[in-house]
Protein chains: 2
Amino acid sequence: MKRFDTNLSEKQIKKDILSAADKRFRTFGFKKTTMAEIAQDLGMSTSNLYRYFPSKVSIAEAFALHCFEEKEAGLQLLLEQPLVSAVDSLFVYAKGLLHYNFDQLNTYPAINDMIMALCETSSEIVDKKREGELSILKVILEKGQEEKCWVIEDLDETGLAIMASWVMFSTPTFMRHQTLEQLEKRLGNLLNLIITGLRVRD
Amino acid sequence: MKRFDTNLSEKQIKKDILSAADKRFRTFGFKKTTMAEIAQDLGMSTSNLYRYFPSKVSIAEAFALHCFEEKEAGLQLLLEQPLVSAVDSLFVYAKGLLHYNFDQLNTYPAINDMIMALCETSSEIVDKKREGELSILKVILEKGQEEKCWVIEDLDETGLAIMASWVMFSTPTFMRHQTLEQLEKRLGNLLNLIITGLRVRD
DNA sequence: ACTATGAATATTATGTTAAATATTCATAGT
DNA sequence: ACTATGAATATTTAACATAATATTCATAGT
């Protein structure tokens with residue numbers, strides 16, 4: 001017998017900790033949830049938390065990664081509906097991302113602040129966020145290649161360029177001053193530009 | 001006789017105040033320059049500053065607007081060189097803007113922080129910044145129309161969409177984690193995308 | 001009546017101590 | 001040997017007093 005309650009694997013306990021932290025982070029944010037509270041919610045001692053996570057920020061990081069996975073799963077789901085073309089997928093994806101960011105910002109401002117702060121200090125978090133979003137975008141771009149919607153030389157660079165152009169639609173500072181409708185309209189115009197381009201070809 | 005030293009008009013005194021504030025803001029930032037210091041630099045009393053500006057932030061705002069004018073003048077100058085096409089102008093403008101932002105961020109970080117803070121509290125500043133940059137972009141887009149480079153239905157909306165796509169290249173948070181070379185490359189890719197578009201037309 | 005000032009007041013920053021919290025560790029339970 | 005804990009320590013935050021600074025105002029100089 002390794003653990004007092006053998007029903008609980010290490011993996012499960014980590015999940016439980018994450019879940020308890022999640023609830024508190026959502027409501028109170030990072031600073032205002034304490035390790036003592038998380039432990040109390042789980043009926044364990046504070047020091048025991050450190051047997052599963054090396055620090056409070058590491059819990060926050062794991063939580064952030066979990067959020068990214070949830071977000072990406074949600075967007076994947078949107079893209080699984082039968083869509084006419086890769087162009088449609090691109091619109092659905094970009095608007096889905098905007099909606100997610102907008103909702104997150106308004107429903108859980110504390111979470112948003114927390115993740116932004118983590119991004120300032122941990123490049124791993126930034127990378128995971130970017131890579132996750134990029135991999136979905138690349139699937140869409142590849143689909144477009146197959147459908148002969150467009151021809152792309154460098155998928156990664158093109159994907160990164162497109163994501164760079166979406167920064168305004170995922171940055172609180174810029175989102176806060178506009179309604180969702182305004183943001184949607186502007187994003188729509190931008191997507192048309194990206195798809196069609198400015199130049200009239202001959 | 002209205003003023004003790006009649007050589008100085010109200011306009012000139014405002015300019016002098018702005019110039020004195022400029023020097024201090026550049027070196028020490030907003031918080032670490034005091035009204036007393038600005039007054040002392042000009043040999044006047046602190047309270048007299050309030051006869052020309054209603055508050056310290058109003059001086060900062062006037063200074064910010066002055067910065068915008070200088071920036072725009074510099075960019076105009078870049079565009080006055082004989083350029084082959086509107087496409088070239090667009091590249092020169094976008095890259096000029098990136099260089100300006102990058103230099104500003106590294107040479108005068110205090111100024112940059114200050115203007116960002118002002119943008120958070122004053123929509124007038126945000127508007128002026130946007131309008132100034134947009135008006136130059138619109139000139140380029142119009143030139144492109146005349147040159148039959150492209151056809152644009154709504155100049156304003158197209159201009160705003162393009163500027164939205166440039167947010168990453170003018171936001172410190174995102175610029176700080178990348179070299180100028182990386183930023184230039186990504187901006188180049190984005191501009192090509194905006195000009196050429198993804199879709200292969202028939 | 002216009003311009004400017006010094007003193008008075010209100011607001012904001014700074015430094016300092018006490019309290020809260022994160023983290024470690026030696027020890028106990030299984 | 002693995003799991004968990006309470007007590008001990010280190011770090012961060014909060015509260016408060018103090019000082020610095022912004023702003024106002026009554027008054028004086030031209």
Side-chain angles (χ1 to χ4, degrees), chain A residues 1-18 20-25 27-64 110 113-114 117-118 120-122, chain B residues 1-18 20-25 27-64 110 113-114 117-118 120-122:
Chain A
M1 195 209 280
K2 299 229 169 182
R3 200 165 268 97
F4 298 168
D5 183 344
T6 44
N7 289 328
L8 298 171
S9 65
E10 178 171 336
K11 213 168 192 174
Q12 185 56 47
I13 294 181
K14 278 194 174 184
K15 266 193 184 176
D16 291 346
I17 293 174
L18 237 29
D22 179 316
K23 284 202 195 77
R24 297 233 168 227
F25 284 156
T27 326
F28 307 109
F30 182 77
K31 257 176 49 178
K32 284 187 187 169
T33 88
T34 70
M35 293 296 265
E37 285 166 346
I38 295 170
Q40 201 166 25
D41 289 351
L42 295 164
M44 64 169 64
S45 67
T46 306
S47 49
N48 201 33
L49 289 175
Y50 289 87
R51 303 194 62 262
Y52 299 94
F53 289 94
S55 69
K56 188 180 171 187
V57 299
S58 73
I59 297 178
E61 282 172 359
F63 168 64
D113 290 352
M114 197 175 99
L118 286 174
E120 288 294 315
T121 53
S122 155
Chain B
M1 197 210 279
K2 296 229 170 182
R3 199 165 267 96
F4 298 168
D5 183 345
T6 44
N7 290 329
L8 299 172
S9 67
E10 178 171 337
K11 212 168 194 174
Q12 184 56 47
I13 293 180
K14 279 193 172 183
K15 268 193 182 174
D16 291 346
I17 293 174
L18 238 29
D22 180 314
K23 286 201 194 80
R24 297 231 167 229
F25 284 155
T27 327
F28 307 109
F30 182 76
K31 256 176 51 178
K32 285 186 186 170
T33 87
T34 70
M35 293 295 266
E37 285 166 346
I38 295 170
Q40 202 166 23
D41 290 349
L42 296 165
M44 63 169 65
S45 68
T46 306
S47 50
N48 200 34
L49 289 174
Y50 290 86
R51 303 194 64 261
Y52 298 94
F53 289 94
S55 69
K56 189 180 172 188
V57 298
S58 74
I59 296 179
E61 282 172 359
F63 168 63
D113 290 351
M114 196 175 101
L118 286 173
E120 287 295 314
T121 52
S122 154

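Computed from a predicted structure; not experimentally measured. Order of the sequence lines fixes the chain letters, A, B, ..., with proteins taken first and strands second; residue numbering starts at 1 for each chain.
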How long is the line joining CZ of F28(A) and P of dT21(C), in whole Å? 13 Å

Taking atom CD of E120(A) as the centre, does the number of heavy atoms from other residues, nucleotides or ligands within less than 6.0 Å exceed 12? yes

Calculate, to the nearest 0.5 Å, the distance between atoms NZ and CD1 belonging to K56(A) and I38(A) respectively. 7.0 Å

Tell me what T33(A) touches on the nucleic acid: a base, only sugar-phosphate, or nothing, going by heavy atoms under 4.0 Å. sugar-phosphate

Whole Å only: how far is the CD atom of E10(A) from the P atom of dC2(D)? 12 Å

Would a 4.5 Å heavy-atom cut-off, applied to side chains only, mark K23(B) and T33(B) as touching? no

Let me have a per-nucleotide readout for nucleotides 14-20 of chain C, 5' to 3', with B, S or -, counting only protein heavy atoms under 4.0 Å. -------

Rounded to the Å, how far apart are R51(B) CZ and dG29(D) C1'? 13 Å

Let me know the distance between CE of M35(A) and P of dT23(C), rounded to the nearest Å. 6 Å

I need the N48(A) CG to I13(A) CD1 distance, nearest 0.5 Å. 7.0 Å

Partner set under side-chain hydrogen bond (donor to acceptor under 3.5 Å, both in side chains) for D41(A), not counting sequence neighbours: R24(A)

Partners passing side-chain hydrogen bond (donor to acceptor under 3.5 Å, both in side chains) against S58(B) (at least two apart in sequence or in another chain): none

So do the side chains of E37(B) and F28(B) get within less than 4.5 Å of each other, counting heavy atoms only? no

Should F30(A) and D113(A) count as side-chain neighbours, where that means a heavy-atom distance under 4.5 Å? no

Considering only heavy side-chain atoms of K56(A), the closest of dT23(D), dT3(C), dA22(C) is dA22(C)

Rounded distance (Å) that lies between atom P of dC2(D) and atom OH of Y52(A): 13 Å

Applying side-chain contact (heavy atoms from CB on, under 4.5 Å), name anything that partners A62(A), two or more places apart in sequence or on another chain. L18(A), F53(A)

Can you confirm whether M35(A) sits close enough to I59(A) that some side-chain heavy atom of one is under 4.5 Å from a side-chain heavy atom of the other? yes

Rounded distance in Å - CD1 (I59(B)) to P (dT21(D)): 16 Å

Over how many whole Å does the gap from R24(B) atom CZ to dT21(D) atom C1' extend? 14 Å

When rounded to the nearest 0.5 Å, the distance separating OG of S45(A) from CZ of R51(A) is 9.5 Å

Name all stems that contain residues of DNA chain D, defined as runs of 3 or more consecutive Watson-Crick or G-U wobble pairs, both distances under 3.5 Å. C:1-30 with D:1-30

Separation of dT21(C) atom P from F30(A) atom CZ, nearest Å, is 13 Å

Neighbours of DNA chain D within residues 40-49 of chain A, by heavy-atom distance under 4.0 Å: M44(A), S45(A), S47(A), N48(A)

